[in-house]
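Working notes, structure below.
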Amino acid sequence: MLILSIESSCDETSAAVTDGRRVLSNIVATQIEEHKLYGGVVPEIASRRHTEAITGVCREAIASAGISYADIGAVAVTFAPGLIGALLVGVNFAKGLSASLGVPLIPVHHLRSHIAANYINSDLKPPFLCLTVSGGNTIITEVKDYTSFSPLGGTTDDAAGECFDKVARALGLSYPGGVTLDKIAKAADEKRYPLPVPHTEGKYDFSFSGLKTAAVNLIHKCNQKNEDIDIPVLAGTLRHRVCKMLTDKFISAAEDYGYKTVALAGGVSANSELRSMLKSDCEKRGIRLYMPELKYCGDNAAMVGVQGYYEYLSGNISGMDLNASATMPINYR
Ligand code: KG4
């Protein structure tokens, strides 16, 4: 069954055509250039750009898959969590398509779809443990089945991506800061730039806001004193601290719960040090690690279509009363 999927939870308008785990097309229209002007996503602007782009993006996804709308068997859409105005654009467009084509409407949770990016061109099957790290979320989840999730821990304040983005902004790096920070980062020097080690009560929980504030304060102090900052070294020091924290907690959760298969997901899964650190730690422990291809790490509709396929198989179909939600746990029922 061919699924037309739609993603509009943040600053990418995307549509894809998928068949099970197979991706026939995946079109992504990014708004990055516009949000760059403001140093972050402006929700109102994001919604308006989705409204302008969505028809063309869907048309292109259909054309580049070499099919017509009549071949579509279902429409899948990200309905939560994310920017509410942005989500509503995708949800309402998907409802219109589903009603006019007379095909089922499949609601897809954004974090579930990030995890599903790992199914594309791979043999990964649940159960496995997943670390999902993005601009708005940092969470360790047991993926018990394709539509059964059990969170073990997550961030108690900021997400890892947000920490990268805010520190990058203070360093004057261009939006999205996490990407730029990763590109320019050099080897960490913790003596030169001592950053705090965040503490959390929960063994598998994370905290990034103290680390973010310490790094931003350090930058402001240097600026006030007219001291030069070695930006690549500070970027590398922060990156190392964040990646180490993510890797250590994730590996200890995998060991405690006896998982021999794990996966990484979300926009920050594109981070070069996180990928290499996890790979080497998993290899040492005989744990099999899956990571999405770089083109499926950020927000895209292909992952929505793949997760949509499994939601459909488990009977998760929506009526025309489907609404968007800015917050919704991954294990919602
Ligand atoms: O998953 P995503 O595309 O959107 C959300 O759902 O949040 O993630 C975006 C986040 C941003 O914070 C961005 O800076 C970060 O992922 N990111 C990275 C890298 N690529 C994207 N952070 C660190 N290193 C990267 N290579």
Side-chain angles (χ1 to χ4, degrees), residues 7-14 26 28-32 35-36 39-41 43 46 50 78-84 86-87 90 108-118 130-139 154-155 158-171 173-186 206 208-209 211-212 215 232 235-247 263-278 291-304 307 324-328 330:
E7 154 63 34
S8 71
S9 66
C10 191
D11 58 351
E12 259 95 32
T13 318
S14 180
N26 183 42
V28 182
T30 181
Q31 306 172 359
I32 282 177
H35 297 295
K36 239 181 205 170
V41 180
H50 287 309
T78 309
F79 77 104
L83 301 173
I84 193 67
L87 287 165
V108 179
H109 188 283
H110 186 54
L111 296 185
R112 292 187 182 192
S113 67
H114 267 305
I115 293 173
N118 282 287
C130 190
L131 171 65
T132 308
V133 203
S134 69
N137 296 276
T138 305
I139 180 170
T155 184
D158 293 346
E162 192 180 341
C163 173
F164 280 140
D165 291 345
K166 297 271 164 66
V167 177
R169 189 159 72 180
L171 284 170
L173 304 177
S174 69
Y175 170 84
V179 181
T180 320
L181 190 142
D182 187 26
K183 272 194 198 132
I184 61 140
K186 288 203 176 135
F206 301 97
F208 294 103
S209 87
L211 186 57
K212 174 193 74 182
T237 310
L238 177 77
R239 181 180 68 176
H240 185 72
R241 177 57 55 81
V242 169
C243 293
K244 183 97 180 73
M245 207 153 62
L246 291 168
T247 302
L264 181 63
V268 182
S269 66
N271 187 272
S272 55
E273 187 170 5
L274 183 58
R275 289 176 90 92
S276 60
M277 199 185 272
L278 257 181
M291 296 187 280
E293 289 171 49
L294 287 179
K295 64 181 170 186
Y296 298 122
C297 288
D299 292 344
N300 69 87
M303 66 187 193
V304 179
Q307 181 60 27
S325 166
T327 55
M328 171 83 67
I330 192 168

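It should be emphasised that the depicted structure is a prediction, and the values quoted were computed from it without experimental measurement. We count ligands from 1, going down the list as the structure has it; atoms in each ligand are counted the same way. Scope of the values below: all heavy atoms of this structure, side chains included, with no hydrogens, waters or symmetry mates.
- At a heavy-atom cutoff of 4.0 Å, ligand 1 is contacted by no atom of Lys183, backbone or side chain.
- For ligand 1, the atoms sitting less than 4.0 Å from at least one non-hydrogen atom of Phe164 are 22 (N), 23 (C), numbered in the order shown with element in parentheses.
- Of the possible polar contacts, one joining the His50 side chain to the Cys10 backbone as a donor-acceptor pair under 3.5 Å is found.
- The ligand atoms of ligand 1 that sit less than 4.0 angstrom from a heavy atom of His110 are 6 (O).
- Not a single N or O atom of Glu12, backbone or side chain, sits closer than 3.5 Å to an N or O atom of ligand 1.
- For atom 7 (O) of ligand 1, the choice among Cys10, Gly161, Gly135 with the nearest heavy atom turns out to be Gly135.
- Between Val133, Asp165, Val41, it is Asp165 that holds the heavy atom closest to atom 14 (O) of ligand 1.
- Atoms of ligand 1 found under 4.0 Å from any heavy atom of Gly136, numbered from 1 in the order shown, are 7 (O).
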Does Lys36 form a side-chain contact (heavy atoms from CB on, under 4.5 Å) with Ser174? I'd like the steps, not just the answer.
CA-CA 7 Å; Lys36 239 181 205 170; Ser174 69; 4.2 Å; yes
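- Of the candidates Ser272, Ala270, Gly267, the one placing a heavy atom closest to atom 16 (O) of ligand 1 is Gly267.
- Within the 4.0 Å heavy-atom criterion, the part of Asp182 lying near ligand 1 is the side chain and not the backbone.
- A salt bridge (charged side-chain N to carboxylate O under 4.0 Å, His left out) with Glu273 holds for exactly one of Lys183, Arg239, Lys186; it is Arg239.
- Put simply, part of His114 is less than 4.0 Å from ligand 1, judged by heavy atoms.
- A donor-acceptor distance shorter than 3.5 angstrom exists from the side chain of Thr138 to the backbone of Ala160, with no hydrogens or angles considered.
- Considering both main-chain and side-chain atoms, Gly178 comes within under 3.5 Å of ligand 1 through a nitrogen or oxygen pair.
- No donor-acceptor pair under 3.5 Å is formed between the side chain of Asp182 and the backbone N or O of Val179.
- Taking the six-membered ring for Trp and thresholds of 30 and 60 degrees, Phe206 and Phe208 have nearly parallel ring planes, at less than 30 degrees apart.
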Mind running side-chain contact (heavy atoms from CB on, under 4.5 Å) on Leu274 and Thr247 for me, showing each step along the way?
CA-CA 7 Å; Leu274 183 58; Thr247 302; 3.7 Å; yes
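- Here the heavy atom of the protein found nearest to atom 24 (N) of ligand 1 is Asn271 ND2, 2.9 Å.
- The OG1 atom of Thr13 sits 5.0 Å away from the CD atom of Gln31 when rounded to the nearest 0.5 Å.
- Looking from atom 15 (C) of ligand 1 to the surrounding protein, the closest heavy atom is Val268 CG2, 3.8 Å.
- The backbone N or O of Ser8 sits nowhere less than 3.5 Å from a side-chain atom of Asp299 that would complete a donor-acceptor pair.
- Considering only heavy atoms from C-beta on, Ile115 stays 4.5 Å or farther from Met303 through its side chain.
- Every atom of ligand 1 is numbered from 1 in the order shown, and the set under 4.0 Å from a heavy atom of Gly298 is 3 (O).
- From the protein, the heavy atom lying nearest to atom 3 (O) of ligand 1 is Asp299 N, 3.3 Å.
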